[in-house]
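Down below is the structure, laid out as structure tokens.
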Amino acid sequence: VRLSHLSSASSAAEPGAMAAEMVLSRRPGQPRGEVLSEADLEDPGAPMFSPGSHSFPGRCSASTAKSLLFRFLPVLRWLPRYPVKDWLLGDIASGFSVGIMHLPQGLAYALLAGLPPVTGLYSSFYPVFLYFFFGTSRHNSVGPFAVISVMIGSVTDSLVPSEDFMEFVNGTNVTEVNEARRDAARVELVATITVLSGIFQVALGLLQFGFVVTYLSDPLVRGYTTAASVHVLISQLKNVFGVSLGEHSGPLSLFVTFIEICKKLPETNVGTLVTAIIAMVAIFIVKELNHKFSAKLPMPIPIELITIIISTGISYGVNLNSKYGISVVGNIPSGLKPPVVPNVSYFGQVVGNAFAIAVVGYAICISLGKIFALKHGYKVDSNQELIALGLSNFLGGFFQCFAISCSMSRSLVQESTGGNSQVAGVISSLVILVTILKIGELFHDLPKAILSAIIIINLKGMFKQFTDLRTLWKSNRVDLMVWVVTFIATLLLNLDIGLGASVAFALLTVIFRTQLPHYSILGRVTDTDVYKDVAEYEKEVPGIKIFRSSSTIYFANVEMYSDALKKKSGINVDRLIEKKKKALKKLKKQQKKAEKEKAKRKKSSSKPQCAIGQDKSRVLGGHCPAECHQHPHGEGVFPQETEAECNGPGVAVIELSGEEGGTPAEPTLRSLGLPQPDFHAVILDFSPVNFVDTVSIKILKNIFRDFHEIEVDVFVASCPASVLAQLERGNFFSSTITKHCFFPSVNDAVLHIDAGRRPAPVSTQPHHPHCHRAAGRQSRLSSLLP
């Protein structure tokens with residue numbers, strides 16, 4: 001609001017601006033200047049939007065095209081300025097380190113997704129290479145991730161179960177799974193999910209919907225990933241114990257799988273179990289050493305790669321598969337495959353899963369990206385990250401990749417080994433490319449138990465999130481509840497339904513928090529214009545109730561807002577209004593009875609009667625003086641000049657009519673013999689309010705009406721301009737509720753009320769209904785006193 005434009009109530013623009021400045025800088029002990037309401041600060045002639053406030057290019061220019069190109073291809077912006085001497089060696093070392101991690105993790109996470117191992121290598125190459133061009137995070141290591149892989153695995157198990165590919169062996173009654181057909185069907189399904197996830201991510205990014213991840217709070221994401229790690233652990237136990245299980249999906253499938261594993265423990269393959277235990281112990285010890293001596297080691301010891309190479313050599317030399325029945329990875333084809341169009345007929349079946357994978361993958365990626373960006377002092381564009389992930393998934397889906405996200409372990413290695421930019425990602429993708437073209441087929445005899453051991457050890461970081469329970473118990477119980485409910489829902493309902501239930505519960509907690517805000521009455525801190533909760537700081541301002549809610553006002557809490565206001569006021573407003581209505585009803589009956597009696601007196605006699613003047617007061621109680629003459633019918637009458645003597649002590653006198661052509665005076669609580677509130681004004685502090693709806697506007701009108709009925713004026717302070725505009729559009733203002741009741745601050749409202757109750761010289765300010773009612777009401781009460 002521009003203070004240089006005032007309404008007609010101000011004499012000139014310059015004095016009005018000076019008055020506004022006095023209001024804003026005034027302290028309670030300083031002289032008072034003119035108090036300005038929102039109506040005074042409003043300029044009716046000001047346009048809603050200035051012509052230059054929003055500029056939209058009318059035509060495409062070279063600069064606009066260039067900025068769009070640089071926005072969607074960030075590599076064009078940072079690569080020409082790449083400091084080769086300072087960053088290149090670090091990026092190369094980091095890229096090789098991360099590439100070495102990609103190899104075992106890609107194979108392992110493909111197994112977790114229920115896919116052939118080579119798809120994990122594809123997912124470690126294509127999306128990582130594409131992210132180099134579109135991504136904005138310098139340290140995120142995108143690629144296969146355990147949580148996303150297990151989400152994909154739950155879909156493949158439910159839509160393409162192994163039971164659908166059972167075949168008889170050589171014309172016998174023995175059946176076995178045709179793994180080639182099953183894997184081909186699953187790759188087709190997962191490629192479709194990946195493409196659809198990419199479409200969702202790109203669409204959300206183009207629509208600037210990067211904020212959608214804000215609905216996944218940190219406790220929700222951490223609870224969800226912790227529960228997902230439990231799903232991952234249970235899914236890998238079959239490879240650790242070397243038992244075959246049925247494939248289960250849907251709610252409670254996790255517990256069904258665990259029970260089946262327990263039942264088949266007597267069938268454990270000892271060789272597989274020993275292999276897995278040795279691998280887990282070795283990987284765990286070396287990872288702990290890497291962490292302990294990270295400052296002294298030039299790069300972490302690639303224990304996962306070493307374990308894969310050694311176990312593959314032993315398996316090939318000893319022939320573990322045929323001698324001990326240890327399951328191995330099998331054929332890994334070398335070379336790249338041509339792109340394949342996804343099967344769009346699956347879209348309807350997997351749209352929900354694809355959206356969940358898109359949102360969860362992005363949430364993990366952007367959270368890691370922001371952590372590294374804050375640490376190293378650069379900015380990550382959340383919408384561009386959506387587009388980068390979406391294009392990586394969309395294009396990768398054509399090359400048999402599954403959906404990717406960011407790995408915490410790989411990202412930390414990329415940062416700690418000297419990675420400074422996305423060049424490290426390109427180097428790691430080239431390492432995987434060499435593996436796909438030449439080395440991949442050498443891992444034919446790699447035991448699956450080794451991959452399961454790698455997966456389980458890498459879950460250590462996620463299981464550490466159980467310590468959140470202690471932290472949240474001390475800091476925020478509502479967030480703790482979100483964490484626990486998310487964890488339990490994900491375990492019980494599986495990953496897809498569990499995510500939806502968790503988000504719904506988290507949003508419900510937000511609604512409940514707004515429904516149960518903190519209501520308070522404010523008082524002024526001594527010698528300041530600061531107002532604080534009287535329960536903790538100061539006493540109330542005499543005769544004024546300043547009410548504040550810690551939440552906005554909308555349909556779900558506005559009724560409680562109204563009830564809390566009436567409760568905090570210290571009087572039963574509704575009961576007092578009910579008593580007033582009964583008193584007015586009784587008064588009306590007495591008035592009709594008096595009119596009938598008057599008509600009878602006119603007809604009965606022409607003698608001097610003790611009549612009440614047509615424009616005077618009626619006697620509703622008390623004693624008639626001795627001078628009264630008795631009417632033949634027993635009705636007391638007295639001369640007009642003795643009327644004043646009839647108004648003895650305790651007589652309630654209500655003026656029914658005023659001057660000829662005037663408006664009858666309004667009966668007051670005092671004249672009706674009802675208790676009066678110990679305050680004369682209420683100020684609603686709207687500083688926490690950021691929006692209102694039609695229901696809240698209706699209830700606010702009722703608040704103004706109800707307090708008007710008990711002779712209390714209502715004012716609004718610190719109302720944001722956007723809320724004021726919403727009130728105006730909702731037809732909140734009327735002849736009785738105007739913008740003169742709205743003030744820029746609580747202190748301005750208090751000063752206005754104090755000035756209105758203090759005797760003052762003739763004012764040039766216009767009269768405003770409701771806001772200046774107090775002074776008029778006091779004069780009426782004074783005239784009614786004897």
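Quick caveat: nothing in here was measured; it's all calculated off a predicted structure. The basis for the numbers below is simple: all heavy atoms, side chains too, and nothing from hydrogens, waters or symmetry mates.
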Quiz item: Only one of E597, K596, Q590 clears side-chain contact (heavy atoms from CB on, under 4.5 Å) with K593; which?
Solution: E597
Exercise. Please lay out, stage by stage, how T736 and F704 fare under the test side-chain contact (heavy atoms from CB on, under 4.5 Å).
Key: CA-CA 9 Å; T736 55; F704 272 77; over 6 Å; no
Self-check item: Min side-chain heavy-atom separation L724-F733 under 4.5 Å
Solution: yes
Quiz prompt | Reported CD1-to-CD1 distance for the pair I683 and I521, which is rounded to 0.5 angstrom | solution = 10.5 Å
Quiz item: Do the non-hydrogen side-chain atoms of E595 and Q591 ever get within less than 4.5 Å of each other?
Solution: yes
Quiz item: So, are E709 and K581 salt-bridged, with charged N and O less than 4.0 Å apart?
Solution: no
Quiz item: How far apart are the closest heavy atoms of V534 and G523, and which atoms are they?
Solution: CG1-N, 3.3 Å
Exercise. Give a yes or no on this: more than 12 heavy atoms of other residues, nucleotides or ligands lie within 6.0 Å of atom NZ of K701.
Key: yes
Quiz item: Only one of Y561, F707, Y531 forms a ring-ring contact (aromatic ring centres under 6.0 Å, His included) with F547, so which one is it?
Solution: Y561
Quiz item: What salt bridge (Lys or Arg N to Asp or Glu O under 4.0 Å) pairs are there with at least one residue in residues 468-486, not counting sequence neighbours?
Solution: R222-D468, D479-R513
Self-check item: Qualifying residue for salt bridge (charged side-chain N to carboxylate O under 4.0 Å, His left out) with D574, from K566, K567, R705, K580
Solution: K566
Quiz prompt | Donor-acceptor under 3.5 Å (S671 side chain, P667 main chain) | solution = no
Quiz item: Can you tell me how far the CG atom of D563 sits from the CD1 atom of I699, to the nearest 0.5 Å?
Solution: 9.0 Å
Quiz item: Under 4.5 Å between any side-chain heavy atoms of L220 and F505, yes or no?
Solution: no
Quiz item: Can you find a heavy atom in the side chain of L204 that is under 4.5 Å from one in the side chain of F355?
Solution: yes
Quiz item: Which distance, rounded to the nearest 0.5 Å, do you find between the CZ of F715 and the SG of C741?
Solution: 6.0 Å
Practice problem: Please report the shortest heavy-atom distance between F679 and S569, naming the atom on each side. | Solution: CE2-O, 3.4 Å
Self-check item: Interatomic distance, I577 atom CD1 to H708 atom NE2 [nearest 0.5 angstrom]
Solution: 10.5 Å
Practice problem: Considering non-hydrogen atoms only, spot the tightest contact between S502 and A489 and give its length. | Solution: OG-CB, 4.2 Å
Quiz item: Between S550 (side chain) and H518 (backbone), is there a donor-acceptor pair under 3.5 Å?
Solution: yes
Quiz item: Roughly how far, to the nearest 0.5 Å, is CZ of R548 from CG of D533?
Solution: 9.5 Å
Quiz item: Is I710 close to I571 at the side-chain level, that is, under 4.5 Å between some pair of heavy atoms?
Solution: yes
Exercise. Check step by step if side-chain contact (heavy atoms from CB on, under 4.5 Å) holds for L684 and L565.
Key: CA-CA 9 Å; L684 305 179; L565 170 61; 3.8 Å; yes
Quiz item: Is it true that E578 and R575 have a side-chain N and a carboxylate O under 4.0 angstrom from each other?
Solution: yes
Self-check item: Step-by-step side-chain contact (heavy atoms from CB on, under 4.5 Å) determination, K586 to K589
Solution: CA-CA 5 Å; K586 183 179 179 181; K589 289 182 179 179; 5.7 Å; no
Exercise. Could you tell me whether the side chain of Q515 and the main chain of A556 form a donor-acceptor pair under 3.5 Å?
Key: yes
Quiz item: Any idea which heavy atoms bring H680 and P542 closest together, and the distance?
Solution: NE2-O, 4.4 Å
Quiz item: Any sub-3.5 Å donor-acceptor pair from S696's side-chain atoms to D693's backbone N or O?
Solution: yes
Quiz item: To the nearest 0.5 Å, what is the distance between CZ (F743) and CG (D685)?
Solution: 14.0 Å
Quiz item: Can any side-chain N or O of S549 pair as donor or acceptor with the backbone N or O of S551 at less than 3.5 Å?
Solution: yes
Practice problem: Please report the shortest heavy-atom distance between A501 and L493, naming the atom on each side. | Solution: CB-CD1, 4.0 Å
Quiz item: Under 6.0 Å from the CZ atom of F555, do we count more than 12 heavy atoms belonging to anything else shown?
Solution: no
Quiz prompt | Non-hydrogen atoms of Y519 and A564 that approach each other most closely | solution = CD1-CB, 3.4 Å
Self-check item: Validation row: L480, N476 side chains within 4.5 angstrom (heavy atoms)
Solution: no
Quiz item: In terms of side-chain heavy atoms, does T514 have a donor or acceptor partner in Y554 at a distance below 3.5 Å?
Solution: yes
Exercise. With the side chain counted from C-beta on, respond yes when I366 and K370 share a heavy-atom pair under 4.5 Å apart, and no when they do not.
Key: yes
Quiz item: Between F487 and L469, does a side-chain contact (heavy atoms from CB on, under 4.5 Å) hold up when you go through it step by step?
Solution: CA-CA 11 Å; F487 180 80; L469 296 175; over 6 Å; no
Quiz prompt | Beyond-backbone contact of S562 with N702, side-chain heavy atoms, under 4.5 angstrom | solution = no
